[in-house]
Amino acid sequence: MANDSTKQIQHENVIILGAGPAGLVAALYAARAELNPFVLTGMELGGQASLTNVIENYPGFPDGVSGSQLGEMFQHQAEKFGARFEFDAATEVDFRQTPFHIKTYGKEFTANAVILATGASPVKLNVPGEELLTGRGVSYCATCDGWFFKNKEVVVVGGGDSALEEGLFLTRFASKVRIVHRRDALRASALLQKRALENEKIEFIFDSVVEKINGEGKVASVDLRNVKTGQVTNLPTDGVFVFIGHTPNTALYKGQLEMDERGFLKVDEKMQTSVAGVFAAGEVGDPMYRQVVTSAGFGAAAAIQVTRYLEDR
Ligand code: NAP
């Protein structure tokens, strides 16, 4: 990393990148261990969870809790014990030297230990029209954009828990929700399948993929291809919501930390990446569970291991 000698470098004991459930709970545990953690939140406070309208499977909330509310509570609890937060994102890291170096848009930091909790982002369809019409009818967040589709018809792409959960949420606004899935069997949990199948506003289109999104300035229709027959049909729609999985936010660490073939960080049983002193928590290194409760748990584990690492030094 190039050093600008005129710039002040802020030294921190522990820097946490990311403020989703993993980063926030790591901050809470690190603060309670008196490690004086400093969190660079990134641009999405609360992480992906904050985009979820209602989380029904986080223990302790039998009536559900909104993702953003849960995130705020996590942050409040961490701050109560001394964790500090800055709304800024890392743009460059150097883990080849200690203390580790981190640059953001405006600042430069060093840290004795780092916890990476930068999470994951939605996978795109990568079809013509998608990029051009994003924000003009193409969306990756029902909680954010559902309201714009009052009494309109939308297409939801995917067959997992996200597609069904978000599809169900969209029935509050849309007059029709068509869930397009590439197979004839859903991946989603039985409970969500039951709710979606029972919902009169939801229609399933199986064995089909979106090949193209059409519209001038806003979404007007999608071209669907039946993967079994090869037949292409045009389906008029006002919106396209894409929920086909997530990809880890690890581009920043390429060439410095070991990753699997999909880009998830390799993390050992002590939550440590391939570099001693650099730990990871949550979806950035978890292709398996990807739940708010597991990410929160990994955040706690990473902070416990950072405590041991710094004590050993
Ligand atoms: P997911 O489980 O990976 O499902 C992705 C879906 O998108 C699958 O149905 C997949 O089809 C389809 N898909 C993937 N790539 C595609 C492409 N290029 N074109 C068309 N379709 C494509 O992802 P998710 O639904 O986001 O869930 C992620 C994790 O979060 C899961 O562990 C899930 O259980 C969890 N989650 C839980 C809840 C809850 O508990 N309430 C809510 C949301 C998410 P195939 O089935 O053919 O692979």
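Predicted, not measured: the structure shown is a model, and the values here were computed from it. Read the numbers this way: they start at 1 and go in the same order the structure lists the ligands and their atoms. Just the heavy atoms: all of them, side chains too, but no hydrogens, waters or symmetry mates, feed the values below.
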Please tabulate, one pair per line, all N/O donor-acceptor pairs under 3.5 Å involving side-chain atoms of residues 241-252, not counting sequence neighbours.
from, atom 1, to, atom 2, distance (Å)
H246, ND1, R290, NH2, 3.3
H246, NE2, Q48, OE1, 2.7
N249, OD1, S121, OG, 2.8
N249, ND2, T118, O, 2.9
N249, ND2, S121, OG, 3.2
T250, OG1, G263, O, 2.7

Query raised in the report: Is there a donor in the side chain of N112 and an acceptor in the side chain of R313, or the other way round, less than 3.5 Å apart?
Result: no

Query raised in the report: How long is the gap from CD1 on I102 to OG1 on T91, to the nearest 0.5 Å?
Result: 10.0 Å

Query raised in the report: With under 30° as parallel and over 60° as perpendicular, where do the rings of F109 and F38 fit, or are they tilted in between?
Result: tilted

Query raised in the report: Which parts of the protein, at residue level, reach under 4.0 Å of ligand 1 through a heavy atom?
Result: N57, G158, G159, G160, D161, S162, E165, H181, R182, R183, R187, F243, I244, G245, H246, Y289, R290, Q291

Query - By ring pair (Phe, Tyr, Trp, His ring centres under 6.0 Å) - contacts of F100 (at least two apart) - result: F95

Acceptor/donor pairs from residues 214-221 side chains to any protein atom, 3.5 angstrom cut, sequence neighbours excluded:
from, atom 1, to, atom 2, distance (Å)
N214, OD1, K212, NZ, 3.3
N214, ND2, S221, OG, 3.0
N214, ND2, D223, OD1, 3.1
S221, OG, N234, ND2, 3.0

